[in-house]
Number of protein chains: 2
Amino acid sequence: MARPVEFDESKVLTSAMEQFWREGYEASSVQKLLDCTGINRGTLYNSFGDKNTLFKSCVDQYNRLVEKQIANSLKNEKLQAWDAIKAYFDEAVINVSNKRRSMGCLLANSLCESINYDRDMKKVVRASLAIIRKALVLRLKEAQKKGKVKKGISVEFAADVLMNSLHGVRVNSRDGKNAKQLNELIKHTINSLKK
Amino acid sequence: MARPVEFDESKVLTSAMEQFWREGYEASSVQKLLDCTGINRGTLYNSFGDKNTLFKSCVDQYNRLVEKQIANSLKNEKLQAWDAIKAYFDEAVINVSNKRRSMGCLLANSLCESINYDRDMKKVVRASLAIIRKALVLRLKEAQKKGKVKKGISVEFAADVLMNSLHGVRVNSRDGKNAKQLNELIKHTINSLKK
DNA sequence: TTACTAATGGAATTCCCATTCAATTAACAG
DNA sequence: CTGTTAATTGAATGGGAATTCCATTAGTAA
């Protein structure tokens with residue numbers, strides 16, 4: 001009936017996501033978003049709402065990326081618990097060390113930006129982090145059942161330790177540390193929990 | 001001879017520092033900086049240069065804060081190496097859990113913001129982080145000499161692990177985690193290095 | 001072909017941003 | 001008191017921000 005869309009929604013969201021990821025919410029002007037996505041002003045407002053709404057959609061896009069990584073690692077049934085956990089962190093490190101070198105993590109970056117004070121946004125970001133933590137907890141429970149978690153360490157605490165190290169690695173990635181260095185840090189953290 | 005200054009430079013810098021710390025560089029408009037410092041537009045430009053220069057002065061102010069914390073802990077000669085290291089992290093956690101609750105770390109926040117792509121700014125932020133790391137290394141060397149570092153762990157790597165955990169804790173602080181939770185994370189990290 | 005619908009393109013609007021500047025003020029030296 | 005100097009004040013400037021709006025375009029159904 002009407003004129004068909006010309007843009008590829010997923011590609012637009014990925015480009016916008018990378019812009020927000022690299023420079024943050026405040027520094028990503030609508031003009032920059034138009035430039036990097038190739039869409040037009042009217043299209044952005046017609047099809048993606050305003051900048052704030054677009055940002056939330058970008059976090060959703062980021063979630064899809066994270067869920068793919070989780071599917072490849074934590075939810076890979078061929079892997080033992082700790083191997084799966086290590087595999088997830090490998091994915092996470094690779095993700096910030098190639099094309100997306102020194103971009104850190106969209107979620108951690110957002111926590112550190114003023115956008116964090118927008119309640120709605122905080123909810124969205126926290127929900128995404130909860131997805132990662134939940135997948136870690138599942139595998140940690142498996143590891144504990146098999147007696148492979150150091151005694152005195154609860155599954156919940158181990159998950160906190162891993163998430164803390166993940167955040168640290170992401171900040172360090174923005175400081176320019178390379179994949180090898182980040183991997184060593186992760187390995188150390190895992191060894192501090194593993195029996 | 002001339003009219004004397006009416007503002008207290010250190011107070012102005014502290015207020016501006018807290019504004020940048022809370023909301024980041026981009027979201028801190030000159031208007032907000034005037035509101036929180038109480039100084040006037042002209043005064044800001046006359047006495048503190050432009051927004052960019054003011055930000056750098058605020059990082060210097062942050063450094064003075066960090067140096068006080070280091071003097072109280074890492075450079076406290078009454079404390080043994082690991083106690084001094086623990087004391088430093090206690091200071092760091094207290095710092096983000098009272099008035100400055102959930103503000104994280106000005107330096108880590110800046111790394112996660114786009115400001116990170118300003119070369120000059122990055123240099124300033126990195127220099128500040130290097131001060132902390134250097135003070136940690138001194139104490140870690142002491143600990144190692146006394147055989148109190150787990151074997152197979154170099155002083156440099158231990159410093160990286162501590163800095164990584166510190167960054168993680170700061171991101172977690174912005175996510176609203178309380179002092180107790182942050183302390184547990186720090187304790188775990190220290191125990192993973194200590195013999 | 002024609003009428004209809006929704007996407008597109010970009011000019012226009014409104015607002016807030018950082019920065020400049022000229023007038024005013026306050027202390028002090030003579 | 002007076003002239004000098006520098007701090008203070010806030011109006012003015014110019015640019016870029018987010019957003020709105022409407023004329024144009026392109027496909028589809030009749």
Side-chain angles (χ1 to χ4, degrees), chain A residues 1-59 110 113-121 124, chain B residues 1-59 110 113-121 124:
Chain A
M1 247 206 259
R3 184 175 173 179
V5 298
E6 284 177 14
F7 61 86
D8 176 332
E9 189 182 3
S10 177
K11 276 185 187 168
V12 168
L13 285 178
T14 298
S15 302
M17 172 189 78
E18 285 176 341
Q19 170 62 40
F20 281 128
W21 192 351
R22 203 178 319 109
E23 301 197 22
Y25 181 82
E26 296 290 339
S28 294
S29 66
V30 170
Q31 190 54 57
K32 280 183 184 172
L33 292 164
L34 299 180
D35 292 346
C36 76
T37 57
I39 61 171
N40 189 279
R41 225 171 196 77
T43 304
L44 192 154
Y45 281 89
N46 255 335
S47 308
F48 297 94
D50 58 8
K51 182 180 163 181
N52 209 272
T53 309
L54 174 60
F55 180 80
K56 286 179 199 154
S57 304
C58 288
V59 174
S110 301
E113 241 206 284
S114 62
I115 191 78
N116 187 30
Y117 295 109
D118 176 324
R119 278 199 171 197
D120 228 44
M121 208 64 80
V124 173
Chain B
M1 248 207 259
R3 184 176 173 177
V5 298
E6 284 177 11
F7 60 86
D8 176 331
E9 189 182 3
S10 177
K11 277 185 187 169
V12 168
L13 285 178
T14 298
S15 302
M17 172 189 79
E18 286 176 341
Q19 169 62 40
F20 282 128
W21 192 350
R22 204 179 316 111
E23 300 195 22
Y25 181 82
E26 297 290 340
S28 295
S29 66
V30 170
Q31 189 54 56
K32 281 183 184 173
L33 292 164
L34 299 180
D35 291 347
C36 76
T37 57
I39 60 171
N40 190 279
R41 223 171 197 78
T43 303
L44 192 154
Y45 282 89
N46 255 335
S47 307
F48 296 95
D50 58 9
K51 182 181 164 181
N52 210 273
T53 308
L54 174 59
F55 179 80
K56 285 179 199 154
S57 303
C58 287
V59 174
S110 300
E113 240 206 285
S114 66
I115 193 80
N116 189 25
Y117 294 105
D118 176 326
R119 280 198 171 198
D120 225 47
M121 209 69 79
V124 173

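Not measured: the values here are computed from a predicted model.
Each of B/D50 and B/E6 has a nearest nucleotide on DNA chain C; the 5'-most of these lies closest to B/D50.
Atom-to-atom, CZ of A/R41 to C1' of D/dT19 comes out at 8 Å; the value is rounded to the nearest Å. If you take CZ of B/F48 and P of D/dA7, they are 11 Å apart, rounded to a whole angstrom. C/dT8 atom P lies 8 Å from atom CD1 of A/I39, rounded to whole Å. Between the C1' atom of D/dA7 and the CZ atom of B/F7 lies a distance of 8 Å, rounded to the nearest Å. Following rounding to the nearest Å, B/L44 (CG) and D/dA11 (C1') show an atom-to-atom distance of 17 Å. Look at CG on B/L54: it is 16 Å from P on C/dC17, rounded to the nearest Å. Rounded to whole Å, the distance from CZ on A/F55 to P on D/dT19 is 14 Å. Nucleotide D/dC21 holds its P atom 13 Å from the OH atom of A/Y45, rounded to whole Å.
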Quiz: residues 39-47 of chain A side-chain donor-acceptor pairs under 3.5 angstrom, not counting sequence neighbours:
from: A/N40; atom 1: OD1; to: A/G42; atom 2: N; distance (Å): 3.1
from: A/R41; atom 1: NH1; to: A/Q31; atom 2: OE1; distance (Å): 3.2
from: A/S47; atom 1: OG; to: A/T43; atom 2: O; distance (Å): 3.3

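Residues A/E9 and A/F7 are in side-chain contact: their nearest non-hydrogen atoms beyond the backbone lie under 4.5 Å apart. Proximity of A/L34 to A/V30: side-chain heavy atoms (C-beta onward) are separated by under 4.5 Å at one or more points.
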For this session: Carefully, step by step, assess A/L13 and A/F48 under the rule side chain to side chain contact (heavy atoms under 4.5 Å, CB included).
Result: CA-CA 9 Å; A/L13 285 178; A/F48 297 94; 4.0 Å; yes

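A/M17 CE to A/C36 SG: the interatomic distance, rounded to the nearest 0.5 Å, is 10.5 Å.
When atom types are taken as modelled, the side chain of B/E113 and the backbone of B/E26 share a donor-acceptor pair closer than 3.5 angstrom.
For the pair B/T43 and D/dA7, the criterion of a side-chain N or O lying under 4.0 Å from OP1 or OP2 is not met. The phosphate of D/dG10 (OP1 or OP2) has a side-chain N or O of B/N40 nearer than 4.0 angstrom.
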Produce the list of close N/O pairs, under 3.5 Å, pairing protein atoms with atoms of nucleotides 13-17 of chain D; give distances to one decimal.
none

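Both tests hold for A/K51 against A/Y25: distance to the six-membered ring centre under 6.0 Å, angle to the ring axis within 45°.
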